[in-house]
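Below is one structure, written out as structure tokens; the observations come after it.
We use all heavy atoms of the structure for the numbers below, so side chains are in, but hydrogens, waters and symmetry mates are not. Proteins come first, then strands; the chains are lettered A, B, ... in the order of their sequence lines, and each starts at number 1.
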Amino acid sequence: MQPHPMNTEQRTQAIYREIGALARFVEHAMQTVAEIGRPVVESSLELPTVASHLTDLAKMTEQGVMEVMRLTELMQEDHATVMSECRAIAGALRTFGQDDLAGRLEQVLAILKQDERRLTDVMTALSFQDLMAQRIKKLVAILEDVREKLVKLVVVLGDQPSGNGERLQGRVGELFKELGQSRDSAMKQEAADEILTKFGFE
Amino acid sequence: MPVDPTIRVLVVDDMATMRRIVKNVLKQLGFNRVDEAENGAEALQKLRQESYGLVVSDWNMPVMTGIDMLRAIRADEKLKSIPVLMVTAEAQQSNLIEAIQAGVSNYIVKPFTAETMQDKLNKIFKSSGRERTTFAHGQA
């Protein structure tokens, strides 16, 4: 048996039903994408903070490395003076026939020379800071790129996160809070001493 | 004793820590006249103002990179004979080949040791007829 052919009105209704179903499917899909995407977009708002912490890290290590260098250079200067004095004394001892003492002093000189090389090795080992800073710079650039892409996603989703500072919950949120505190309100020893003094500590 | 401790050296790096490290090692090797520049452009300016016997340069720097500075040095009649030692984190084979093609005198990959620096400088000065025979380490 042949099915009855649909008339124009029936065909129109069928098309409307199809369009309706399609619209519901699209709406549902958009909702799903928004639900999945929202946490990602919200996390992306913290990317500049992450980048800022990374930059801080590079600065902190640079400061630390500079201090180690300053101290190492002072030690190198002292070493040079001590070695020069030891050489002069060893020479004088030999002049006065004190070869044994001169020999012992030359053994000390050999140890000092070895230490001098080690101090140079300390300096060159500090070059890790340059490599680290370069990598951090690249990571910050990558984070910026990711953030830009996620901002585009926000536009697509048409869903702007609140930005009220309580975006991230759970462990990640706690970590951000701790990072912020360690940077913004970390107490210097002077401030701690002031408080200790107020409480009677000497 | 270094063969020519009066050689003036220019250390080029955008990182203050690296300039200080290289300067320190050079001092241990007997070079006492060491100047600094933060990028290739500043280095070229200094090279045109003063007479230098060696350039120790990084690769990645803002304003002008080390490789561009090297090309500029080799293209300059007055500067082209200055030895240029690159000390860089750019450790790809292609980087090294690019530097060789640009006329680098030798190449050190970070992180490096004082011995590596000494070895490379010996090679540079040997090839230019001013061999340094000892690792001075602050004294002869």
Side-chain angles (χ1 to χ4, degrees), chain A residues 55 57-88 90-91 106 108-141, chain B residues 1-2 5 11-32 34 36 38-39 56-63 65-66 85-92 95 107-121 134-140:
Chain A
T55 307
L57 198 64
K59 278 183 198 156
M60 281 160 66
T61 50
E62 186 181 355
Q63 284 168 0
V65 160
M66 281 293 195
E67 182 58 10
V68 174
M69 283 179 176
R70 189 184 71 80
L71 295 169
T72 308
E73 283 170 353
L74 287 174
M75 287 167 76
Q76 285 176 322
E77 282 171 25
D78 286 349
H79 251 82
T81 308
V82 171
M83 286 175 75
S84 170
E85 287 297 310
C86 282
R87 255 183 245 113
E106 278 156 7
V108 172
L109 268 167
I111 294 168
L112 286 173
K113 189 151 180 67
Q114 203 174 31
D115 273 354
E116 201 178 33
R117 275 182 183 275
R118 286 176 184 146
L119 287 172
T120 306
D121 288 343
V122 169
M123 289 296 285
T124 53
L126 292 172
S127 63
F128 84 90
Q129 195 272 331
D130 177 60
L131 297 173
M132 196 201 74
Q134 283 190 36
R135 285 190 190 183
I136 284 181
K137 223 181 260 181
K138 283 172 189 165
L139 284 173
V140 168
Chain B
M1 275 290 288
V11 176
V12 193
D13 203 306
D14 56 325
M15 292 289 292
T17 47
M18 275 314 296
R19 291 200 302 273
R20 199 158 166 181
I21 290 167
V22 173
K23 211 171 165 178
N24 187 281
V25 173
L26 287 170
K27 195 179 166 192
Q28 300 304 315
L29 293 173
F31 294 95
N32 288 311
V34 184
E36 300 176 26
E38 285 186 29
N39 57 62
V56 181
S57 178
D58 185 24
W59 184 303
N60 275 320
M61 290 178 288
V63 187
T65 63
L85 172 62
M86 292 207 89
V87 182
T88 172
E90 299 299 325
Q92 301 299 312
N95 296 122
Y107 198 90
I108 293 177
V109 177
K110 292 178 194 170
F112 66 99
T113 63
E115 281 71 24
T116 307
M117 175 77 85
Q118 179 196 19
D119 177 52
K120 299 299 181 186
L121 289 176
T134 56
F135 188 157
H137 244 309
Q139 57 94 47

Output side-chain donor-acceptor pairs under 3.5 Å for residues 124-134 of chain A, partner residues at least two apart or in another chain, one line each.
unit_1	atom_1	unit_2	atom_2	d
Thr124(A)	OG1	Thr120(A)	O	3.3
Thr124(A)	OG1	Asp121(A)	O	3.1
Ser127(A)	OG	Thr124(A)	O	2.7
Gln129(A)	OE1	Thr17(B)	OG1	2.8
Asp130(A)	OD2	Gln134(A)	NE2	3.3
Asp130(A)	OD2	Lys110(B)	NZ	2.5

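- Salt bridge Lys27(B)/Glu73(A): absent, no basic N to carboxylate O contact under 4.0 Å.
- When the side-chain hydrogen bond (donor to acceptor under 3.5 Å, both in side chains) test is applied to Ser84(A), no partner is found at least two apart in sequence or on another chain.
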Gln28(B) vs Arg117(A), test: side chain to side chain contact (heavy atoms under 4.5 Å, CB included). Steps then yes/no.
CA-CA 9 Å; Gln28(B) 300 304 315; Arg117(A) 275 182 183 275; over 6 Å; no
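- By the side-chain hydrogen bond (donor to acceptor under 3.5 Å, both in side chains) test, Thr61(A) is found to be paired with no residue, residues two or more places apart in sequence or in another chain being considered.
- Inspection of non-hydrogen atoms places Val65(A), Met66(A), Met69(A), Arg70(A) of residues 64-72 of chain A under 4.5 Å from chain B.
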